[in-house]
J.: 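Next up is a structure, given as structure tokens.
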Amino acid sequence: MYILGLTTLGDSAAALIKDGELIAAVEEERFSRKKHHSGFPYKAIEFCLGQAGISLKEVEHVGHYWKPWILRHKAVQALKTGLISPAMFKARADRGVAQVSESYLGMFRHPQRLREHFGPSDFKFHYVEHHQSHAASAFFVSPFDSAAILTWDGTGEDTTTLFCRGRGNKLEVLKRIKLPHSLGQFYSAVTNYIGFDMFAGDEWKVMGLAAYGKPKHYDFFREKVLTTNGHGDFHFDIKVLDHHLAKHYQFPDPIVKELGPGRKPGEELTEHHWDVACSAQKALEDTAIHLVQQIKEMTGEENLCMAGGVAFNSVMNGRIFHETPFKNFYVQPAAGDAGCSLGAAYYVWHQKLGHPRSFVMDHAYWGPGFSNDECQAALDAAGLAYETLDDDDLLPRLAKMISEGAIVGWFNGRMELGPRALGARSFLADPRRADMREILNHKVKLREWFRPLAPSMQEEHGREVFGVEHHDPFMITVINVAEEYKERIPAVVHIDGSARPQMVSRKTNPRYWRLIDEFKKLTGIPMLLNTSFNVQEPIVCSPKDAISTFKNANFDALVLENNLVTR
Ligand SMILES: [Fe+2]
């Protein structure tokens with residue numbers, strides 16, 4: 001039985017499962033080349049069907065990540081409860097509530113859209129609640145038979161935070177927190193306060209910048225903005241910091257009075273902004289830990305699964321993993337809305353149809369892959385000279401080039417699902433070179449100096465590098481690097497001595513593991529610096545994308561499977 005899962009607004013994506021096994025999953029942005037593509041994921045669906053060699057006719061169920069009939073009356077509710085002023089309400093309404101509603105109503109046409117585009121089919125269409133899609137995406141592909149599940153994001157239909165328990169093939173909702181109390185919207189509002197862009201997914205930047213600041217305004221955030229005083233949940237006071245106004249770089253008086261006017265995009269970034277980022281980050285972390293402790297008390301479970309955009313906050317995750325009583329954790333690599341496509345499909349398979357669990361997602365390589373012949377055809381078409389080498393020749397040669405300072409565009413196997421490059425579409429460099437962060441951020445990726453870079457390392461070496469065992473194949477946790485190791489890998493250690501490693505398994509990506517092994521033989525270091533293979537656009541998907549990035553960007557070598565291009 002084939003089940004298709006869909007995310008259709010913002011980080012649109014499709015996933016296809018067959019008898020409970022994942023066949024394919026991919027974000028639409030990788031095909032459209034528009035970051036965070038929002039709209040019906042035609043190309044992603046086409047890829048998933050093609051990967052299985054089927055047509056839509058063979059799909060029996062479609063799971064959709066949103067229930068469009070739970071109308072988003074959040075603004076009206078907020079007005080009724082006095083949480084926002086009539087002036088603020090009007091500002092919001094003027095700025096496109098109607099337009100947004102239209103795109104949600106458009107979801108009712110999705111079954112028809114599918115048939116119009118992909119041909120007749122008798123599939124049954126299921127609208128799954130957004131946060132339950134997140135919860136399913138975390139739990140049903142986890143290695144746990146039972147777990148607590150916490151999902152948190154900007155918002156679903158009206159829920160922003162969901163507490164669930166997963167047991168076998170069933171999810172049970174325990175509790176929900178609704179708008180306007182949203183950790184994601186809090187963090188997005190701070191993102192725009194610092195002059196970044198929440199719509200561009202700039203929340204990463206706040207987290208990166210936070211490492212440089214001091215929590216000078218922590219008390220303000222915890223007492224006035226994001227509070228947990230006196231009740232078990234949390235309270236986001238939108239009279240002080242309002243996500244919807246922040247979208248337009250407008251900020252209520254209380255925050256301006258406390259922190260000064262927000263930074264406009266392009267204005268100078270000062271230490272004050274580092275401190276605001278640091279304070280907000282710490283407020284988020286402490287609120288999150290409060291909620292994690294609560295779900296621990298509610299469930300008594302030993303395992304915790306998390307999803308939703310907030311679960312991408314790897315610094316927060318690091319603290320949750322090390323400071324809360326849960327023993328085991330699982331966050332799949334597409335923890336944001338793209339992963340809801342996966343979740344909606346699994347929700348139908350397990351929760352609705354009652355099938356037993358059988359699948360564990362232990363790697364992220366569910367996107368398109370290309371043969372050597374396809375890579376060579378693309379190189380020929382682009383007029384690039386290349387050498388074709390066996391791995392026995394290629395991998396030691398690449399390791400040597402990297403150890404001598406080369407930056408390599410590495411294109412290997414099926415593309416990653418999720419925003420992190422994990423050794424399928426990665427820029428690789430030498431983590432020992434202190435200047436690599438500057439070179440990669442400034443000269444190659446054309447982005448801010450403070451963006452952290454991360455290592456991909458052989459999973460066998462966790463204790464040596466961190467002083468403790470660490471398992472994280474998806475690069476979603478920040479962990480402290482052992483004192484004696486820090487100086488050896490300056491390019492991938494953050495200013496506070498932490499790193500965000502991908503633990504590479506010989507089993508799930510043998511070729512990448514082997515390349516790292518060749519680097520280790522030369523240098524004694526069991527890791528490479530890994531950052532996503534893209535310059536100001538979505539991660540490259542096809543050989544053609546990789547070639548065009550190579551032609552337009554400043555890095556030394558391109559590897560398309562077994563084909564090597566040097567400048
Ligand atoms: Fe979400």
Side-chain angles (χ1 to χ4, degrees), residues 5-15 25 27-29 35-41 44 63-68 70-72 74 100 103-104 107 110 126-141 149-164 171 173 175-189 191 198-204 234 236 243-244 247 284 287-288 291 305-314 316-317 330-347 417-420 474 476:
L6 300 179
T7 296
T8 59
L9 261 189
D11 288 326
S12 297
E27 294 95 334
E28 186 75 1
E29 65 158 27
K35 270 192 180 183
H36 306 291
H37 182 113
S38 187
F40 200 71
H64 180 262
Y65 84 127
W66 198 279
K67 289 184 167 176
I70 304 178
L71 289 175
R72 301 219 305 176
K74 59 190 177 186
V100 170
S103 53
Y104 288 99
M107 290 176 177
H110 286 345
H126 308 259
Y127 292 97
V128 181
E129 190 210 341
H130 184 64
H131 269 265
Q132 293 197 57
S133 303
H134 273 313
S137 83
F139 175 65
F140 287 140
V141 300
I149 311 161
L150 198 46
T151 64
W152 32 25
D153 63 6
T155 186
E157 296 86 348
D158 58 358
T159 295
T160 67
T161 311
L162 192 69
F163 293 62
C164 293
L171 291 176
V173 173
K175 172 175 161 166
R176 54 178 79 235
I177 298 173
K178 294 190 178 187
L179 285 168
H181 308 298
S182 161
L183 292 180
Q185 292 196 350
F186 160 74
Y187 211 75
S188 295
T191 300
M198 63 173 88
F199 294 109
D202 282 355
E203 284 82 355
W204 305 109
F234 67 93
F236 173 34
H243 164 80
H244 295 276
K247 280 178 188 171
L284 171 81
T287 308
L291 298 179
C305 297
M306 301 192 297
V310 177
F312 278 134
N313 195 303
S314 48
M316 176 195 87
N317 289 349
Y330 182 81
V331 180
Q332 52 84 8
D337 283 1
C340 287
S341 58
L342 181 80
Y346 275 99
Y347 186 92
L417 173 69
R420 294 278 159 76
F474 302 132
I476 43 88

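Please read these numbers as outputs of a predicted model, since none were measured by experiment. Ligands are counted one by one from 1 in listed order, and the atoms in each one are counted from 1 as well.
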J.: Going by the angle between their ring planes, with limits at 30° and 60°, are Tyr330 and Phe474 parallel, tilted or perpendicular?
T.: perpendicular
J.: For the Fe ion (ligand 1), report each protein N, O or S atom nearer than 2.8 Å, sorted by chain and then by residue number.
T.: His130 NE2, His134 NE2, Asp153 OD2, Asp337 OD1
J.: Do the ring planes of Phe312 and Trp204 sit parallel (below 30°), tilted (30 to 60°) or perpendicular (above 60°)?
T.: tilted
J.: Would you say the side chains of Ser188 and His243 form a donor-acceptor pair under 3.5 Å?
T.: no
J.: Going by heavy atoms in the side chains, are His130 and Cys340 under 4.5 Å from each other?
T.: yes
J.: With Met306, which of Ile476, Asn313, Asn317 fulfils side-chain contact (heavy atoms from CB on, under 4.5 Å)?
T.: Asn317
J.: Just by distance, do the side chain of Tyr347 and the backbone of His126 share a donor-acceptor pair under 3.5 Å?
T.: no
